[in-house]
Amino acid sequence: MSSAPTLKSIAQRVGTTANTVSLALRDSPLVAQATKARIQAAAREMGYVQNAIAGSLRSGRTNTIAVVMGDIANPLFAAKTKALERVLREEGYQIIIFNSDEDPGREAEAVRTAISRKVDGVVLCPCAEPEESLRLLKRHGVPCVLCGRMDRSGDEDTVLWNDWRGGYLAASHLLSCGCRRIAWLGVTQRISSARDRKNGYLDALREAGVEPDPALVAEASPTGGDVGRVLAPLLERGADAICAFSDLIAWEAACYLEDSGLRVPADIQLTGFDNVAAHMRIPYRLTSIGADLEREARESMRLLLLRMREPGRPVTISKIETELVVRSSTLPRGEKG
């Protein structure tokens, strides 16, 4: 079995010193360009893989960022992670992906692991109770930016969607379609985006002169799986439309409605939130609220790099604008789907 190539074996191949090889593989200007090209070509041919741990011990950096998402089974989080990975790679960073499953204990475990790997920073989409995770990051001095949600203290750099406006746009659209018994199918109000989206929905109803009915408000799990149970009472109370917290929850609601013999949008109208269909092929034509994920990723990276360079700088809260994307899950009353 052949041994793995080393700096010494590459040096022997090209007839130079191991120190020169090390400099060439770091693209140092101290090595002549022709020599550098020859060494780099030999390293590729021999299958050399740099020892990242040794490099990080020398530089004090690992060039890795931990990305902790709430539910990587949710296509939105997959799209966000892809956008972040692309932006981070451009900046010379690799990412380590963690899934918290919207559980505070698992989130804290992911953060501990990230800290143990000496990551340079963390992008965190916080769960409903992120206090332990944030304490760990502060205690160990690891720079962090929150993405998609903020914590109640507001003490962390955060990049958010304009969730209030998204909830307002979704409810206003359903009102314009002639719906009046519009249900809110949300998630725990401990999540900031859930609070803001619901408040936008409520404000749109009040502005239209429709008094919100508390009986038409329900909460499902952020990861789904229980939508049918919480949706059934809303249908019994005469809901003619549903504003869902996310596309994931809206899709599950659509399946339940179909199984119950209700047609979307002929019998009941439905909006989601996240506009996942813009990032992957989804056969279901769901009216949704979207935002620019590329801009969100770049703003998250900008704030994280600033925090890494200037640990004592003031906290920044940045918002990404939302927009309504109308598809065939909603139609003006009287039109056929």
- Message: Please evaluate residues T223 and D71 with respect to the criterion side chain to side chain donor-acceptor pair (under 3.5 Å), reporting the C-alpha separation (whole Å), side-chain torsions for both, the decisive distance (0.1 Å), and the verdict.
- Response: CA-CA 7 Å; T223 57; D71 177 18; 5.3 Å; no
Review point. Should we say atom CZ of R181 is surrounded by more than 12 heavy atoms from elsewhere, each under 6.0 Å from it?
Key: yes
All heavy atoms of A297 vs all of V87, minimum pair found to be CB-CG2, 3.9 Å
Heavy atoms, side chains only, cut-off 4.5 Å: are V264 and E258 in contact?
no
*Using only heavy-atom distances, determine whether the side chains of S153 and D151 contain a donor-acceptor pair under 3.5 Å.*
yes
Evaluate the side-chain proximity of L304 to P143: yes if any heavy-atom separation is below 4.5 Å, no if none is.
-> yes
Interatomic distance, NE2@H279 vs NZ@K82, rounded to 0.5 Å, equals 10.5 Å
**Asked** So, K138 and E156, do they make that salt bridge, N to O below 4.0 Å?
**Response** yes
Worksheet entry | Within one Ile-Leu-Val-Met-Phe-Trp-Tyr cluster: L231 and F273, side-chain cutoff 4.5 Å | yes
- request: Look at R135 together with E131 and state whether they make a salt bridge at an N to O cut-off of under 4.0 Å.
  value: no
With a 3.5 Å distance limit and no angle check, can you tell me whether D213 reaches the backbone of A215 through a side-chain donor-acceptor pair? yes
(message) Contact between L286 and S329 at the side-chain level, heavy atoms closer than 4.5 Å - yes or no?
(response) yes
*Kindly say whether A204 contributes a backbone atom to a donor-acceptor pair with the side chain of S172 at under 3.5 angstrom?*
no
CA sep, side-chain torsions, deciding dist, call: L235, Y256, side-chain contact (heavy atoms from CB on, under 4.5 Å) = CA-CA 11 Å; L235 300 177; Y256 178 83; 3.8 Å; yes
dist L76:CG -> M280:CE (nearest 0.5 Å) comes out at 8.5 Å
Salt bridge or not between E294 and R86? Use side-chain N to carboxylate O under 4.0 Å.
yes
Value for CG (L257) from CZ (R263), rounded to nearest 0.5 Å, stands at 12.5 Å
task = Please test D240 against R180 for salt bridge (charged side-chain N to carboxylate O under 4.0 Å, His left out), starting from the C-alpha separation and ending with a verdict.
result = CA-CA 7 Å; D240 60 3; R180 288 299 178 269; over 6 Å; no
Shortest non-hydrogen pair, G148 vs S193, comes out as O-CB, 4.0 Å
Query - Within-4.5 Å side-chain heavy-atom neighbours: N63 and D120 - result: yes
To the nearest 0.5 Å, atom SG of C243 lies from atom CG of L216 at 11.5 Å
- Any Lys/Arg nitrogen of R149 or E107 sitting under 4.0 Å from an Asp/Glu carboxylate oxygen of the other? no
What one should report as the nearest heavy-atom pair of C147 and P126 is O-CD, 4.3 Å
Heavy atoms of D274 and D247 approach each other most closely as OD2-N, 3.6 Å
Check the hydrophobic clustering (I, L, V, M, F, W, Y; side-chain heavy atoms under 4.5 Å; chains of links allowed) and say if L324 and L331 are grouped together. no
Worksheet item: Do R327 and N275 come within less than 4.5 Å of each other through their side chains, counting heavy atoms only?
Response: yes
Scanning both residues in full, the closest heavy-atom pair of D203 with W164 reads OD2-NE1, 2.8 Å
Should I191 and I72 be counted in the same cluster of Ile, Leu, Val, Met, Phe, Trp and Tyr side chains packed under 4.5 Å apart? yes
- Among the clusters formed by ILVMFWY side chains lying less than 4.5 Å apart, do V67 and M308 turn up in the same one? yes
- Item | NZ/NE/NH1/NH2 to OD/OE distance under 4.0 Å, R112 and E109 | no
Residues joined to L146 in its hydrophobic cluster, side chain to side chain under 4.5 Å directly or through other members, sorted by chain and number, are V68, I96, F98, V111, I115, V119, V122, L124, L134, L136, L137, V142
Legend entry - salt bridge (charged side-chain N to carboxylate O under 4.0 Å, His left out) between E90 and R298, intermediate numbers included: CA-CA 10 Å; E90 290 174 4; R298 292 194 179 281; 3.0 Å; yes
Rounded to the nearest 0.5 angstrom, the CD-OG1 distance for Q94 and T62 is 10.5 Å
From the list L30, V14, L7, V31, side-chain contact (heavy atoms from CB on, under 4.5 Å) partner of T20 resolves to V31
For T188 and A128, the nearest pair of non-hydrogen atoms, with its separation, is CG2-CB, 4.2 Å
Among the clusters formed by ILVMFWY side chains lying less than 4.5 Å apart, do V315 and I320 turn up in the same one? no
Taking everything shown except R117 itself, do over 12 heavy atoms lie less than 6.0 Å from its CZ?
no
Requested in this report: Give a yes or no on whether the backbone of P222 and the side-chain of E102 come within a donor-acceptor separation of less than 3.5 Å.
Outcome: no
Interatomic distance, CG@N99 vs SG@C125, rounded to 0.5 Å, equals 11.0 Å
Problem set entry | Side-chain donor/acceptor of E132 to backbone N/O of G105, under 3.5 Å | no
Set out, in order, the CA-CA distance, both residues' side-chain angles and the distance that settles side-chain contact (heavy atoms from CB on, under 4.5 Å) for E299 and E296, then state yes or no. CA-CA 5 Å; E299 182 67 0; E296 180 184 41; 6.0 Å; no
Original post:
Going by heavy atoms in the side chains, are W161 and R197 under 4.5 Å from each other?
Top reply: yes
Practice problem: Determine whether P212 and R206 make a side-chain contact, defined as any pair of heavy atoms from C-beta on separated by less than 4.5 Å. | Solution: yes
Margin query: Side chains of H173 and T271: any donor to acceptor distance under 3.5 Å?
Written below: no
Would V123 and K80 count as a side-chain contact (heavy atoms from CB on, under 4.5 Å) if you check the C-alpha gap in whole Å, the side-chain angles of each, and the deciding distance to 0.1 Å?
CA-CA 11 Å; V123 178; K80 284 191 175 197; over 6 Å; no
Would you check, one step at a time, whether the test side-chain contact (heavy atoms from CB on, under 4.5 Å) holds for E91 with L305? CA-CA 10 Å; E91 296 289 342; L305 289 176; 4.0 Å; yes
inquiry  = Could you check whether any side-chain heavy atom of T81 comes within less than 4.5 Å of a side-chain heavy atom of I95, counting everything from C-beta outward?
reply    = yes
